[in-house]
Amino acid sequence: LPLPATDTDNRLLAEKYLRRYYGLPTGLLGSRKSSDAMQTKIKEMQSFFKLKVTGKLDDNTLELMEMARCGVPDIGEYN
Amino acid sequence: HFPRDIKWQNNNVTFRIVNYTPDLKKSDVDRAIRNALNVWSDVTPLTFKKLHAGIADIMIGFGTKEHGDFNPFDGPDGLLAHAYPPGNGIGGDTHFDEDEHWSKDSTAYNLFLVATHEFGHALGLSHSSDPGALMYPIYNYARGYPLAEDDIEGIQSLYGPNPNPRKVKPKPDAPNKCDPMLSFDAVTELRGETIIFKDRFYWRLHPQMPEPEQTLIKSTWPTIPNKVDAAYENPEKDVVIIFSGIRMWALNGYNLVEGYPKYIHKLGLPKTVREIDAAVYIRDTGKTLLFVEEEYWSYDENTGTMDSGYPRSIEDDFPGMDDEVDAAAYHYGYLYFFHEHVQYEYSYSSRKVMRILRTNSILNC
């Protein structure tokens, strides 16, 4: 069986995704526990895609983050 | 829309294709771009004029990784393209990731569909949260007219309708699970999950997922028609049968089984039956009930033959029920019949209706 992605891989994927599409600021995130900022952004993303809003990186959220998509942010400021 | 509802102030918008992808013939790229712009001009007063040199409102190009706008692409898959909302300079510009493979059909990322989505941004549309809308951020291949009602409402609220409208057939909005008048097309179990078909979507209910997940049928099973009439699971054979018109498909897990579609008449139904309304497998008897208008048939899964003495009247054999059924499911001795916005809980052993619920109570509404 293929080895499952590690938590670190998933976290890096999520950080990259949330920075690009949800304006997650860089340099604020703790290494062990989801910071408030990250949780908030995960919730925004889950709400947009009508997933269960947990603020956690569950399988459904990660699966959606891996899908092919458009590069324009889903929400956030237009500068 | 983007904040402040930004839009082009002039209805005559120019575009220029700055470079081409080697994946397609130049003429195919030209056609995909023109057709994508036409999708939007058909439903608005906008016109698009092609420039061959100089600065156009919408500058179109293919690039890889960092390609000049400090908004890099990411190699194959993931990010496919991006476009900027209307404005001066980079506003309206549309970039495609050259690391993707582009195609005219469904074999790779379809350039026409991605371009139509991106031009939606270039004209002022942001992302839609309706999974059936073209402006939903996730790529999904679908044939036919690409816009949904949601896309058309969005663009027309910026620019108004086309004064000389062409007849278009937009895709309806995704059904709302908590609409009190919601009805179902079909319901089946699939390895412990419940799958509910409605229009070109299905909801997936998983015992460990508190919220139903709504997805386009085509995005999971591209070869199954957009309209499912009935479905049932035979857990002993680990197969789900899906009916649409006079054809049926089989799934093993989420995978289509080879050798299908087959004609429903192979089950022993007469040729006069052109559509099955609902189907349900009764685990205790090994029979599958097939509901067709006001009657139902019984199919023996073990012998693969239709039981004699059928069709029988739904009204006679299921007292208290409506005489027609949209969808049916079976759990622990109870049959659940769905008809329009009402769900009947019918006790198979007591032969009577125990409860009447809303159809969408199964969706946590």
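Throughout, a chain's letter reflects where its sequence line sits, starting with A, and its residues are numbered from 1. These values consider heavy atoms only, across backbone and side chains, with no hydrogens, waters or symmetry-generated copies. Here the structure is a predicted model, which is why all the values come from computation and not from measurement.
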Reported NZ-to-NZ distance for the pair B/K177 and A/K50, which is rounded to 0.5 angstrom: 10.0 Å

Euclidean distance, A/C70 SG relative to B/L79 CG, rounded to 0.5 Å: 8.0 Å

Contacting moiety of B/Q214, where chain A heavy atoms sit under 4.5 Å: neither

Could you grab the distance from atom NE2 of B/H82 to atom CZ of A/R20, nearest 0.5 Å is fine? 8.5 Å

Could you check whether any side-chain heavy atom of B/P137 comes within less than 4.5 Å of a side-chain heavy atom of A/F48, counting everything from C-beta outward? yes

Contact origin within A/D59 toward chain B - heavy atom pairs under 4.5 Å: neither

Determine whether more than 12 heavy atoms belonging to other residues, nucleotides or ligands lie under 6.0 Å from atom CZ of B/R143. no

Can you confirm whether more than 12 heavy atoms, excluding those of B/N10, are under 6.0 Å from its CG atom? yes

Heaviest contributor of heavy-atom pairs below 4.5 Å to chain B, chosen from A/M65, A/M67, A/E66, A/K16, is A/M67

Can you check whether B/H127 reaches A/R69 side chain to side chain, under 4.5 Å on heavy atoms? yes

Can you see which heavy atom on B/S126 is nearest to which on A/P73, and at what distance? OG-O, 4.4 Å

If the plane angle is over 60° it's perpendicular, under 30° parallel, otherwise tilted; pick one for B/Y136 and A/F49. perpendicular

At what distance, to the nearest 0.5 angstrom, does CG of A/L64 lie from CD of B/E213? 8.0 Å

Non-hydrogen atoms of chain A under 4.5 Å away: do they reach the side chain of B/N140, the backbone, both or neither? neither

